[in-house]
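Notes follow once the structure below has been shown.
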Amino acid sequence: MSLVATASQTVGPYFHIGLSWADNAAIAGPEVAGQRVTIAGRILDGDGQPINDALIEVWQADSQGHYPEAGDGFRGFGRIPSGDDGGFRFSTIKPGRVAGPGGTLQAPHLLLSIGMRGLLKRVTTRMYFPDEPANAEDPILARVEPARRRTLIARASPSEPALLIWNVIMQGETETVFFDL
């Protein structure tokens, strides 16, 4: 008997049966207090080509830095598919600071998980807010090589004050930072 590696298998295609309840591009409804923000971007491969079959999951705290509890009206979760151009868009509120390792506070951020054709395991990353003073003291962001931190920080739209632009690059020199969980 010889031990030979078997061919790799990919995940997908994604079926929408059973997923529609979570497709929600409005993560924080109008009844939720906080600074309104819309996040828009594209998911691109290493050659800059759009990835049209990604599924983005977003988790976040509320504006006070608390994760949702049953019955409080704030879901703190959304699932957004990428479009034909790799684009995605969702609206939410800017989260508050949450507890970090060793009693520290983390800067406001969104947690994102991305799955798509060709990935055996989804990737996990974060999106931080531009011009946020707390970014300088965030214990997780501090672990990222300084030159790569920009891949985790959205940029303000020059034309729409409540719009942040944040692209996800899946591989290559400008690859978005992904975290092992």
Side-chain angles (χ1 to χ4, degrees), residues 14-44 50-100 104-116 122-138 140-141 149-169 176-179 181:
Y14 290 109
F15 297 102
H16 292 277
I17 299 169
L19 292 178
S20 61
W21 69 269
D23 285 348
N24 187 3
I27 295 171
E31 72 285 357
V32 178
Q35 177 186 341
R36 300 276 155 198
V37 63
T38 297
I39 314 296
R42 295 175 69 205
I43 299 182
L44 305 169
I51 297 174
N52 65 0
D53 65 349
L55 187 63
I56 304 134
E57 291 183 343
V58 182
W59 297 275
Q60 73 168 91
D62 66 15
S63 62
Q64 302 301 308
H66 302 114
Y67 287 103
E69 294 183 24
D72 70 1
F74 174 64
R75 285 180 54 179
F77 174 79
R79 185 176 278 154
I80 304 99
S82 63
D84 289 341
D85 64 350
F88 62 90
R89 185 180 189 100
F90 60 93
S91 61
T92 189
I93 58 168
K94 183 177 179 181
R97 297 180 74 179
V98 297
T104 61
L105 284 176
Q106 299 178 50
H109 65 278
L110 304 177
L111 299 166
L112 298 103
S113 172
I114 302 165
M116 69 188 69
R122 63 187 180 173
V123 294
T124 304
T125 190
R126 289 175 165 221
M127 190 213 82
Y128 289 87
F129 292 79
D131 302 320
E132 171 58 52
N135 288 348
E137 58 192 53
D138 184 88
I140 308 302
L141 196 54
R149 288 180 192 156
R150 66 179 176 73
T151 71
L152 298 175
I153 301 172
R155 67 183 197 281
S157 167
S159 59
E160 294 180 57
L163 176 65
L164 297 178
I165 309 297
W166 184 65
N167 294 322
V168 178
I169 313 298
T176 300
V177 172
F178 299 108
F179 298 95
L181 298 178

Residues in salt bridge (charged side-chain N to carboxylate O under 4.0 Å, His left out) contact with Glu137, at least two apart in sequence or another chain: Arg97
Taking C-beta and beyond as the side chain, do Phe90 and Val37 meet within less than 4.5 Å on heavy atoms? no
For Gly96, does its backbone N or O pair with a side-chain atom of Ser63 as donor and acceptor, under 3.5 Å? no
Partner of Met116 under side-chain contact (heavy atoms from CB on, under 4.5 Å), chosen from Ile43, Leu55, Ile56: Ile43
pair Met127-Leu152: side-chain heavy atoms closer than 4.5 Å: no
Do side-chain atoms of Ser91 reach the backbone of Thr38 as a donor and acceptor pair under 3.5 angstrom? no
Do Val168 and Phe178 pass the side-chain contact (heavy atoms from CB on, under 4.5 Å) test, and can you show the C-alpha distance, the side-chain angles, and the key distance before you say yes or no? CA-CA 10 Å; Val168 178; Phe178 299 108; 4.1 Å; yes
What are the two closest non-hydrogen atoms of Ser159 and Pro161, and how far apart are they? O-CD, 3.9 Å
Taking all atoms of both residues into account, what is the closest heavy-atom pair of Ala40 and Arg89, and its distance? CB-NH1, 3.9 Å
pair Ser113-Arg122: side-chain heavy atoms closer than 4.5 Å: yes
Take Ile27 and Trp59, measure what side-chain contact (heavy atoms from CB on, under 4.5 Å) needs, and give me the verdict at the end. CA-CA 9 Å; Ile27 295 171; Trp59 297 275; over 6 Å; no
If you compare all heavy atoms of Ala154 against all heavy atoms of Leu164, which two are closest, and at what distance to 0.1 Å? CB-CB, 4.0 Å
The reported gap from CD in Glu57 to CG in Leu111 (rounded to nearest 0.5 angstrom) is 11.5 Å
Determine the minimum heavy-atom distance between Pro108 and Tyr128, stating which atoms define it. O-CD2, 3.7 Å
Steps toward side-chain contact (heavy atoms from CB on, under 4.5 Å) verdict (Ile169, Thr151): CA-CA 8 Å; Ile169 313 298; Thr151 71; over 6 Å; no
Does the plane of the ring in Trp166 sit parallel, tilted or perpendicular to the ring in Phe88? Use 30° and 60° as the thresholds. perpendicular
Smallest heavy-atom separation, Leu112 atom then Val58 atom, equals CD2-CG2, 3.9 Å
Main chain of Ala134, side chain of Glu132: is a donor-acceptor contact present, judged purely on distance under 3.5 Å? yes
For a quick test of reading the model, state the closest non-hydrogen atom pair linking Ile153 to Pro130 and the distance between them. CG2-CA, 3.9 Å
Quick one: does Asn135's side chain have a donor or acceptor within less than 3.5 Å of a partner on Phe129's backbone? yes
Using a 3.5 Å distance criterion without hydrogens, assess whether the side chain of Gln60 forms a donor-acceptor pair with backbone atoms of Ile93. yes
Are any side-chain N or O atoms of Arg75 and backbone N or O atoms of Ala26, one a donor and one an acceptor, separated by less than 3.5 Å? no
Euclidean distance, His66 NE2 relative to Phe74 CZ, rounded to 0.5 Å: 12.0 Å
When Thr176, Asp138, Leu141 are each screened for side-chain contact (heavy atoms from CB on, under 4.5 Å) with Arg126, the one that passes is Asp138
Between Asn167 (side chain only) and Gly41 (backbone N and O only), is there a donor and an acceptor less than 3.5 Å apart? no
Does CZ in Arg150 sit with more than 12 non-hydrogen atoms of other residues, nucleotides or ligands closer than 6.0 Å? no
Show, in sequence, the C-alpha distance, side-chain angles and deciding distance for Val123 and Phe179, and conclude whether the side-chain contact (heavy atoms from CB on, under 4.5 Å) test is met. CA-CA 7 Å; Val123 294; Phe179 298 95; over 6 Å; no
Counting N and O atoms only, with roles assigned by atom type, does the side chain of Ser82 sit under 3.5 Å from a partner on the main chain of Ile51, one being a donor and the other an acceptor? yes
